[in-house]
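The figures that follow rest on heavy atoms only: side chains count, while hydrogens, waters and symmetry mates do not. Fair warning: this is a prediction, and the values are worked out from it, not measured in the lab. First the proteins, then the strands, lettered A, B, ... as listed; each starts at 1.
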Protein chains: 2
Amino acid sequence: METRRDIFQAIADPTRRAIIALIALQALTPNAIAEHFDTTRQAVSKHLRILTECELVKQEYKGREIYYQLEIEKMKEIDKWIEQFRKIWETRFNQLDNVLATMKKQKK
Amino acid sequence: METRRDIFQAIADPTRRAIIALIALQALTPNAIAEHFDTTRQAVSKHLRILTECELVKQEYKGREIYYQLEIEKMKEIDKWIEQFRKIWETRFNQLDNVLATMKKQKK
DNA sequence: CTTTTGCGCAACCAGGTATTTGCACATATA
DNA sequence: TATATGTGCAAATACCTGGTTGCGCAAAAG
């Protein structure tokens, strides 16, 4: 599996999205994360591997424990992609605004 | 494949993201969309089916042609999910701002 | 009416995915 | 040192995905 990891693919899985939201607030170990889900630690470990590969997550070693935390900056990549569409829906909102303004004028 | 379609899964595929960006500007037929990619019309049709299933795309029938256009409102769902993280990185930015302000004060 | 064009659908296939189970290794703890 | 704990990795497996090919059907064109 030498597939280049992609952030959009990373957030496609619902479990992975839940993990992301979970470790956004505080760093957690794989065992601690697994306790929040109905799945094995190994499965969580695999998800963390994928998240690490696309640099969405960073590890911090503490003895034999490994704390995983979200690399929040990476999330901006998604935000950046959404921006082009935000521009569109804001433009449409403004257009609606203009329509309303015109109606008001005509009422006058 | 009675899988409930998910918007995050829909945007996971790079071709699908490209289609989304393409039809965000103007409605296009499957053939017209396929011309933009190195793939068959049928493959595009499959992507459109997935996009339609999760209501990211709407169809408009015009004779034997079908125009597909982005349902831009649906994109806000992604934006909504990102928002929780935006809050976090904005908070951190403000914290950095405070640090800088404190440094400035001390310089005085 | 016959042919062309635009389309969706079903079958098929190679490759990817998520999960479980079993293992090896390192670090704590007794 | 012996045992328990935390972890990643590998193999097996059932399922999902994206793509192609071939088909049938409806609308336009001849």
Side-chain angles (χ1 to χ4, degrees), chain A residues 1-23 26-71 78, chain B residues 1-23 26-71 78:
Chain A
M1 265 157 251
E2 293 300 324
T3 323
R4 170 74 64 233
R5 289 296 170 188
D6 183 62
I7 191 171
F8 290 98
Q9 198 203 342
I11 64 163
D13 185 78
T15 305
R16 226 136 51 206
R17 282 201 302 281
I19 291 175
I20 288 172
L22 196 62
I23 62 176
Q26 58 173 333
L28 290 175
T29 65
N31 267 321
I33 295 169
E35 280 174 12
H36 285 80
F37 305 102
D38 188 24
T39 183
T40 60
R41 175 190 56 78
Q42 283 90 336
V44 169
S45 199
K46 267 197 154 185
H47 285 305
L48 288 171
R49 188 167 180 262
I50 290 168
L51 293 173
T52 305
E53 278 174 12
C54 69
E55 299 175 310
L56 251 171
V57 149
K58 63 181 170 190
Q59 310 170 353
E60 194 178 332
Y61 292 83
K62 219 163 196 173
R64 69 179 160 181
E65 292 183 326
I66 305 175
Y67 285 84
Y68 287 86
Q69 187 158 23
L70 185 63
E71 197 79 78
I78 300 165
Chain B
M1 265 158 248
E2 293 300 325
T3 324
R4 170 74 64 232
R5 290 296 171 187
D6 182 64
I7 190 172
F8 290 98
Q9 198 204 338
I11 65 163
D13 185 78
T15 305
R16 226 133 54 205
R17 283 201 303 280
I19 291 175
I20 288 172
L22 197 61
I23 63 177
Q26 58 174 334
L28 290 175
T29 65
N31 268 320
I33 294 169
E35 281 174 10
H36 286 80
F37 304 100
D38 187 25
T39 183
T40 61
R41 174 189 57 78
Q42 282 90 335
V44 169
S45 199
K46 266 194 156 187
H47 285 305
L48 289 171
R49 187 166 180 263
I50 291 168
L51 293 173
T52 304
E53 276 174 13
C54 68
E55 300 175 310
L56 252 171
V57 149
K58 63 181 169 190
Q59 310 169 354
E60 196 177 330
Y61 293 83
K62 219 162 196 175
R64 69 179 160 181
E65 290 182 329
I66 304 174
Y67 286 84
Y68 287 86
Q69 186 160 24
L70 185 65
E71 198 77 79
I78 300 167

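- Scored by the side chain to side chain contact (heavy atoms under 4.5 Å, CB included) test, A:Ala18 finds A:Phe37 as partners (sequence neighbours excluded).
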Below 3.5 Å is the cut-off: list the nitrogen or oxygen pairs between protein and nucleotides 3-5 of chain C, distance only.
from: C:dT5; atom 1: O2; to: B:Arg64; atom 2: NH1; distance (Å): 2.4

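- By the salt bridge (Lys or Arg N to Asp or Glu O under 4.0 Å) test, A:Arg64 is found to be paired with no residue, residues two or more places apart in sequence or in another chain being considered.
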All N/O donor-acceptor pairs, side-chain side in residues 28-36 of chain B, below 3.5 Å, sequence neighbours left out:
from: B:Thr29; atom 1: OG1; to: B:Ala32; atom 2: N; distance (Å): 3.2
from: B:His36; atom 1: ND1; to: B:Ala32; atom 2: O; distance (Å): 3.0

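- A:Gln59 pairs by the side chain to side chain contact (heavy atoms under 4.5 Å, CB included) definition with A:Thr52, A:Tyr61, A:Ile66, A:Tyr68, not counting sequence neighbours.
- When the side chain to side chain contact (heavy atoms under 4.5 Å, CB included) test is applied to A:Ala27, the partners found at least two apart in sequence or on another chain are A:Tyr67, A:Gln69.
- Of the residues in residues 54-62 of chain A, not one comes within less than 4.0 Å of DNA chain C through any heavy atom.
- Among residues two or more places apart in sequence or in another chain, the salt bridge (Lys or Arg N to Asp or Glu O under 4.0 Å) test is passed with A:Glu65 by none.
- Annotation: side chain to side chain contact (heavy atoms under 4.5 Å, CB included) contacts of A:Leu70 (sequence neighbours excluded): A:Ile20, A:Ile23, A:Ala24, A:Leu56, A:Ile72, A:Met75, B:Phe85.
- If you check residues 33-46 of chain A against DNA chain C, the residues with a heavy atom closer than 4.0 Å are A:Thr39, A:Thr40, A:Gln42, A:Ala43, A:Lys46, listed by number.
- Residues meeting the salt bridge (Lys or Arg N to Asp or Glu O under 4.0 Å) test with B:Glu55, sequence neighbours left out: B:Lys74.
- Listed by first and then second residue, the salt bridge (Lys or Arg N to Asp or Glu O under 4.0 Å) pairs that reach into residues 36-52 of chain B are B:Arg49-B:Glu53, sequence neighbours excluded.
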